[in-house]
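Convention: sequence-line order gives letters A, B, ...; per-chain numbering from 1. Everything numeric here is computed off the predicted structure, so don't read it as measured data.
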Amino acid sequence: MARTEASVTDAHASSTDFSRPLLAWYDRHHRHLPWRTPPAETKLGVLPDPYRVWLSEIMLQQTTVGAVKRYFEAFVDAWPTVEALAAAQTDDVMKAWAGLGYYSRARNLKKCAETVAGEHGGRFPGSEAGLKALPGIGDYTAAAIAAIAFNRPAAVVDGNIERVVTRLYAIETPLPQAKPEIRAHVAAALPHDRPGDFAQAMMDLGATICTPRKPACVLCPITHGCTARREGTAERFPIKAPKTEKPARRGAAFVAVRADGAVLLRRRPPEGLLGGMTEVPGSAWTARHDGVSDDTAAPFPADWRAAGTIRHVFTHFALELSVFRAELPLNAPAGDGWWSAPDTLPGEALPTVMKKAIEAAIPGATKKRRKG
DNA sequence: CATTCGTGGAC
DNA sequence: TGTCCAAGAAT
């Protein structure tokens with residue numbers, strides 16, 4: 001059944017002007033986050049430190065607020081300014097990032113800090129174009145920093161805002177096709193007095209009310225102009241293209257344990273999967289099964305013994321890793337890698353899949369001990 | 001425009 | 001256990 005002309009007109013007229021009720025809701029119900037300046041202060045003209053905004057935005061790319069908080073605190077403790085981060089050792093940055101995922105973000109974070117410190121006098125550009133020219137900063141992050149840290153009228157569009165807007169206007173076009181249309185709606189609604197609060201209000205709304213499943217429409221401050229709400233179809237949006245299934249890969253990992261408990265590690269290539277991170281020696285990860293149930297792929301001859309199998313799911317494939325363990329003498333060579341003692345192992349730049357492999361061979365070896 | 005790039009929590 | 005997916009960027 002076709003929509004009446006009156007309902008379309010009404011929906012459009014009320015939806016384009018949702019910024020005021022949204023901001024009023026944000027003033028009362030905003031989330032308290034370590035990197036955020038609350039609206040009571042932004043309304044007085046107090047803006048957050050661009051360094052902290054940038055750091056949080058990079059960490060929050062495809063990553064939940066809950067996971068980011070600890071890392072954010074650790075980073076600002078270790079490196080309080082962009083100059084401090086620029087002067088840091090890249091390996092220390094990778095170690096601090098270990099476990100957060102998408103490690104190209106950490107590599108670009110360091111490059112970006114060096115550029116800002118070295119070529120911009122330690123100050124982040126305030127324009128979207130200037131920000132987007134920096135490593136690791138794309139459309140979303142440039143707009144977010146411009147709006148939040150500099151109060152520039154930038155149209156911020158993240159996953160939350162895509163969901164909110166596609167529901168407000170019942171946009172049937174699938175993502176990412178619908179992105180320009182979504183951006184136009186955001187730009188049309190943008191309140192020029194509070195662009196930073198508006199962006200954060202939209203994201204808070206998406207994170208706490210306009211959620212992917214079971215949205216709390218009864219609590220929504222802009223439900224009045226929402227087409228999907230009126231039609232009872234909120235949960236259908238946003239429409240997304242079907243995703244391809246993940247292939248399986250297999251491989252072997254070798255945990256060499258020296259007589260003093262040290263473990264043999266090596267560095268992965270700087271680009272690509274887990275680029276620049278630390279690993280134990282292992283085979284290639286292939287779709288085939290050969291050479292993973294025995295020690296034929298071992299980096300050197302030793303008394304390799306099966307220590308179990310671990311599974312880990314990456315973004316685009318699932319991995320099954322056969323883990324082997326061998327005891328090596330104190331004078332065993334490290335080759336291209338290094339021996340990491342039991343007290344240094346937990347602090348290494350080990351991605352989660354590698355911690356799982358080491359844990360299979362040496363339970364507890366990668367756990368960080370609490371002081372005291 | 002499609003792929004590649006992690007991880008852990010929610011349901 | 002499986003599935004989705006979270007403040008996306010680079011190529």
Side-chain angles (χ1 to χ4, degrees), chain A residues 30-31 33-36 48 52-72 94 97-109 111-112 131-149 154-164 174-180 186 196 198-208 210-214 235 238 240-249 268-277 279 285 311-319 349-356:
Chain A
H30 64 88
R31 289 180 291 177
L33 303 172
W35 47 84
R36 173 176 287 177
R52 293 167 62 90
V53 174
W54 163 72
L55 179 60
S56 68
E57 290 299 344
I58 301 298
M59 288 184 167
L60 286 162
Q61 288 166 4
Q62 295 292 285
T63 308
T64 56
V65 166
V68 164
K69 280 182 178 172
R70 310 172 216 121
Y71 284 87
F72 178 81
M94 301 309 285
W97 197 278
L100 198 54
Y102 285 134
Y103 297 100
S104 65
R105 292 185 297 173
R107 301 193 297 272
N108 284 330
L109 187 83
K111 288 183 199 166
C112 184
L131 288 161
K132 202 180 163 183
L134 295 167
I137 299 182
D139 287 333
Y140 161 76
T141 305
I145 297 174
I148 297 169
V156 177
V157 181
D158 78 320
N160 287 304
I161 296 172
E162 287 174 348
R163 186 168 57 253
V164 171
L175 286 170
Q177 251 180 283
K179 201 141 187 179
V186 171
F198 176 69
Q200 295 177 95
M202 288 286 279
M203 292 190 278
D204 277 19
L205 187 73
T208 65
C210 196
T211 50
R213 283 165 295 188
K214 299 192 180 299
E235 218 160 342
K240 293 185 177 180
K243 49 195 66 172
T244 59
E245 59 184 69
K246 295 178 181 178
R249 292 190 198 174
R268 291 179 63 88
E271 305 294 327
L273 184 70
L274 307 176
M277 298 295 284
E279 67 174 2
W285 300 341
R311 294 166 215 287
H312 190 77
V313 180
F314 291 97
T315 309
H316 53 293
F317 68 93
L319 178 66
L350 291 164
T352 298
V353 62
M354 288 300 153
K355 287 186 178 174
K356 284 186 187 176

Give a yes/no on whether any side-chain N or O of [X] is located under 4.0 angstrom from OP1 or OP2 of [N].
X      : N     : answer
A/H312 : B/dG6 : no
A/Y102 : B/dT4 : no
A/T352 : B/dG8 : yes
A/S56  : C/dA7 : no
A/H316 : B/dC5 : yes
A/Q62  : C/dG8 : yes
A/R163 : C/dA6 : yes
A/K243 : C/dC5 : yes

Point to revise | A/R70 atom CZ, over 12 foreign heavy atoms within 6.0 Å | key: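 No, not enclosed.
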
Check your understanding: Taking the nucleotide of DNA chain B with the closest heavy atom to each, which residue, A/L350 or A/K214, is nearer the 5' end?
Key -> A/L350

Study note, to complete from the structure: Taking for A/R213 and for A/V313 the nucleotide of DNA chain B with the nearest heavy atom, the one nearer the 5' end belongs to A/V313

Review point. Is A/R107 side chain donor-acceptor paired with the C/dA10 base, going by distance under 3.5 Å alone?
Key: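 No such pair is found, so the answer is no.
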
Check your understanding: Checking only heavy atoms, does the side chain of A/T63 share a donor-acceptor pair with the base of B/dG6 at less than 3.5 Å?
Key -> yes

If you look at every strand shown and take non-hydrogen atoms under 4.0 Å, does [X] touch a base, only sugar-phosphate, or nothing?
X      : answer
A/L33  : base
A/P351 : sugar-phosphate
A/W54  : nothing
A/G272 : sugar-phosphate
A/I161 : nothing

Candidates [options] - which lies nearest the side chain of [X]:
X      : options             : result
A/F314 : C/dA9, C/dA7, B/dG6 : B/dG6
A/W35  : B/dG6, C/dA7, C/dA9 : C/dA7
A/K240 : C/dA6, B/dG6, C/dA9 : C/dA6

Exercise for review: Determine whether the side chains of A/R105 and A/Q61 contain a donor N or O and an acceptor N or O closer than 3.5 Å.
Suggested key: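 Looking only at side-chain atoms, A/Q61 and A/R105 do not form any donor-acceptor pair under 3.5 Å.
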
Point to revise | Distance-only polar pair, side chains of A/E57 and A/Y140, donor-acceptor under 3.5 Å | key: yes

Point to revise | Stepwise ring-ring contact (aromatic ring centres under 6.0 Å, His included) check, A/F314 with A/H312 | key: CA-CA 7 Å; A/F314 291 97; A/H312 190 77; 4.8 Å; yes

Point to revise | A/F72 and A/W35 aromatic ring geometry - parallel, tilted or perpendicular at 30°/60° bounds | key: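 If you compare the ring of A/W35 with that of A/F72, the planes turn out perpendicular.
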
